[in-house]
Amino acid sequence: MKTESIQQIKAALATIDTRDDERIKLWQADERNGVQQALAQWDRKIQRHEKAMALLEEMQQFENKARTQGHRLIVGIDEVGRGPLAGPVVAAAVILPEKFQLLGVNDSKKLSAKKREELYDEIQNQAISIGIGMVDHDKIDEINIYQASKLAMGIALEDLCFIPDYLLIDAMKLDVNIPQESLIKGDARSVSIAAASIVAKVIRDRLMEDYAKMYPGYGFENNAGYGTKEHLIGLETQGICTIHRKTFAPIKDMC
């Protein structure tokens, strides 16, 4: 039997996603360094895949529990933008299918911008329904950021195409007549809430990039309105702009 080249083995490994493939044992007995290096690289890839699968399964526990109780349209709700000095607070409500298998979904703060964008597109493709809620800087100043976050979540809920029968919410209770569960750090514990955090984060970041063109000098395209050094220098040199939250320090002392 003709010996496979190292390149042939590498090409074959790229198509294998299970340790049960009989060829793995054959290649493990191959003493060529290139083959062993390729196997080691493949093994690291499989370990990452197994870890991602385990995380996804763990993060589906709240959705699975709700389904055992008879619920079918389970929505995850999260908001982004409580802390910035400028711009709106944005919430998303996401209903995922029961067989949702997108790996990598996690708390949006733990993901790179590139990864969030990739997952955002897949969530848009796979979700049963997505609702968006947005509350601007003026309303935040009027009712405070906690109430504004709650309002944004309510708007996102109403924006869904379907009425959900169970809510999973990141550290919040909503005044609606629907069974709900509030989860501390829910965006790292529930796949539905994590998906909502990704959607809200991408939408808000894109919006702040647009605002950066309208209000240059604050670095909104880099800091999304948070109080970074660049942002604070912008405030010192050119004062506040239209979308700044006037009840937030240090802006409230500049009005």
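- A distance-only check finds no donor-acceptor pair linking the side chain of R82 to the backbone of I145 [under 3.5 Å].
- M153 approaches D170 most closely through the heavy-atom pair CE-O, 4.1 Å.
- Between the side chain of T237 and the backbone N or O of I233, at least one donor-acceptor pair lies under 3.5 Å.
- Summarising the geometry, atom CG belonging to L39 is positioned 10.5 Å from atom CZ belonging to R32; distances are rounded to the nearest 0.5 Å.
- Distance check: I193 CD1 to S182 OG gives 8.0 Å after rounding to the nearest 0.5 Å.
- Side-chain contact between V199 and I132: present, with at least one pair of heavy atoms (C-beta onward) separated by less than 4.5 Å.
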* Start with the C-alpha distance between I9 and D30, add both sets of side-chain angles, then the distance that settles side chain to side chain contact (heavy atoms under 4.5 Å, CB included), and finish with yes or no. => CA-CA 11 Å; I9 293 173; D30 192 318; 4.3 Å; yes
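- At least one donor-acceptor pair under 3.5 Å links the side chain of Q60 to the backbone N or O of F100.
- Using modelled atom types, one finds a donor on one side chain and an acceptor on the other under 3.5 Å when comparing W27 with E4.
- No donor-acceptor contact under 3.5 angstrom links the side chains of Q37 and N33, judged on distance only.
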Between Y166 and E63, does a side-chain hydrogen bond (donor to acceptor under 3.5 Å, both in side chains) hold up when you go through it step by step?
CA-CA 9 Å; Y166 198 79; E63 289 79 2; over 6 Å; no
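- D165 places no side-chain N or O within 3.5 Å of a backbone atom of H71 that could act as its donor or acceptor partner.
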Check your understanding: side chain to side chain contact (heavy atoms under 4.5 Å, CB included) between E142 and D138: does it pass, once the steps are laid out?
Key -> CA-CA 6 Å; E142 178 185 342; D138 286 330; over 6 Å; no
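- You'll find the side chain of L85 reaches within 4.5 Å of the side chain of P250, heavy atoms only.
- Atom CG of N177 sits in a sparse spot, with 12 or fewer heavy atoms from other residues, nucleotides or ligands closer than 6.0 Å.
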Start with the C-alpha gap between L111 and K201, add the side-chain angles, then the distance that decides, and say whether side chain to side chain contact (heavy atoms under 4.5 Å, CB included) holds. CA-CA 11 Å; L111 304 171; K201 175 66 173 168; over 6 Å; no
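- No more than 12 heavy atoms of other residues, nucleotides or ligands lie within 6.0 Å of CD in Q41, so this atom counts as exposed by the packing criterion.
- Residue E118 holds its CD atom at 7.0 Å from OG of S112, rounded to the nearest 0.5 Å.
- No continuous path of ILVMFWY side-chain contacts below 4.5 Å connects F220 to Y226, so the two sit in separate hydrophobic clusters.
- For the pair Q61 and S190, the minimum side-chain heavy-atom distance is 4.5 Å or more.
- Under the 3.5 Å distance criterion, the side-chain polar atoms of T18 are left unmatched by any main-chain donor or acceptor of D21.
- The only option from I203, V90, N222, I243 that meets the side-chain contact (heavy atoms from CB on, under 4.5 Å) definition with M208 turns out to be I243.
- Between I24 and L13, the closest side-chain pair of non-hydrogen atoms falls below 4.5 Å.
- Heavy-atom contacts from other residues, nucleotides or ligands closer than 6.0 Å to NZ of K185 number 12 or fewer.
- L167 CG to K173 NZ: the interatomic distance, rounded to the nearest 0.5 Å, is 9.5 Å.
- By the 4.0 Å N-to-carboxylate-O rule, K150 lies close enough to D175 to be salt-bridged with it.
- Tracing side-chain contacts under 4.5 Å through hydrophobic residues (I, L, V, M, F, W, Y), one reaches Y215 starting from I140; they form part of the same cluster.
- The heavy-atom pair separating V191 from L96 by the smallest distance is O-CD1, 3.9 Å.
- Residue-environment remark: CD (E57) stays at or below the threshold of 12 foreign heavy atoms within 6.0 Å.
- Between the side chain of H137 and the main chain of T242, a donor-acceptor pair closer than 3.5 Å is present.
- Summarising the geometry of C161 relative to S129, their closest heavy-atom pair is N-OG, 2.9 Å, with the distance given to 0.1 Å.
- Remark: the backbone N or O of L103 is not paired with any side-chain donor or acceptor of E122 at under 3.5 angstrom.
- Contact detail for V80 and S197: the closest heavy-atom pair is CG2-O, 3.8 Å.
- Put simply, L168 and I155 are part of two different groups of oily side chains (I, L, V, M, F, W, Y) that touch within less than 4.5 Å, one to the next.
- Linking ILVMFWY side-chain heavy atoms closer than 4.5 Å, directly or via other members, places I74 and I163 in two distinct hydrophobic clusters.
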For this session: Decide salt bridge (Lys or Arg N to Asp or Glu O under 4.0 Å) for R19 and E50; before the verdict, give the C-alpha distance in whole Å, the side-chain angles of both, and the deciding distance to 0.1 Å.
Result: CA-CA 11 Å; R19 297 183 187 277; E50 290 172 343; 3.0 Å; yes
Kindly indicate, with the supporting measurements, whether the criterion salt bridge (Lys or Arg N to Asp or Glu O under 4.0 Å) is fulfilled by D210 and R206.
CA-CA 6 Å; D210 290 338; R206 289 177 179 178; over 6 Å; no
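- How far CG of D187 is from OG of S192: 12.5 Å, rounded to the nearest 0.5 Å.
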### Task
Please step through side chain to side chain contact (heavy atoms under 4.5 Å, CB included) for the pair M53 and Q101, ending with a clear verdict.
CA-CA 9 Å; M53 287 292 292; Q101 287 294 310; 4.0 Å; yes
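- Using a 4.0 Å cut-off between a side-chain N of Lys or Arg and a carboxylate O of Asp or Glu, K114 and E117 do not qualify as a salt bridge.
- Checked by atom type and distance alone, the side chain of R245 pairs as donor or acceptor with a backbone atom of G87 at under 3.5 Å.
- Here the side chain of W42 pairs no donor or acceptor atom with the backbone of K10 at under 3.5 angstrom.
- Scanning all heavy atoms of the two residues, the minimum distance from M254 to L235 falls at CE-O, 3.3 Å.
- Side-chain heavy atoms closer than 4.5 Å link hydrophobic residues (I, L, V, M, F, W, Y) into clusters, and following such links, possibly through other members, connects I198 to L56.
- Ion pairing between a basic and an acidic side chain is recognised when a charged N comes within 4.0 Å of a carboxylate O; K25 and E22 show no such pairing.
- Judged by a 6.0 Å distance limit and a 45° cone about the ring axis, R116 is not positioned over the six-membered ring of Y120.
- Ring-centre distance between Y218 and H244: below the 6.0 Å cut-off.
- Atom CD in Q28 sits 7.5 Å away from atom CD in Q36 (nearest 0.5 Å).
- We find that R189 and D107 are not joined by a salt bridge, their nearest charged nitrogen and carboxylate oxygen being 4.0 Å or further apart.
- Looking at T228 and N223, their side chains do bring a donor and an acceptor atom within 3.5 Å of each other.
- Contact record, A156 with G133: CB-N, 3.5 Å, taken as the closest heavy-atom pair.
- At a threshold of 4.5 Å between non-hydrogen side-chain atoms, the residues I169 and L174 count as touching.
- Taking the side chain as every heavy atom from C-beta outward, P88 and Y211 approach each other to under 4.5 Å.
- In this structure, K45 does not pair ionically with D17, as no charged nitrogen and carboxylate oxygen lie closer than 4.0 Å.
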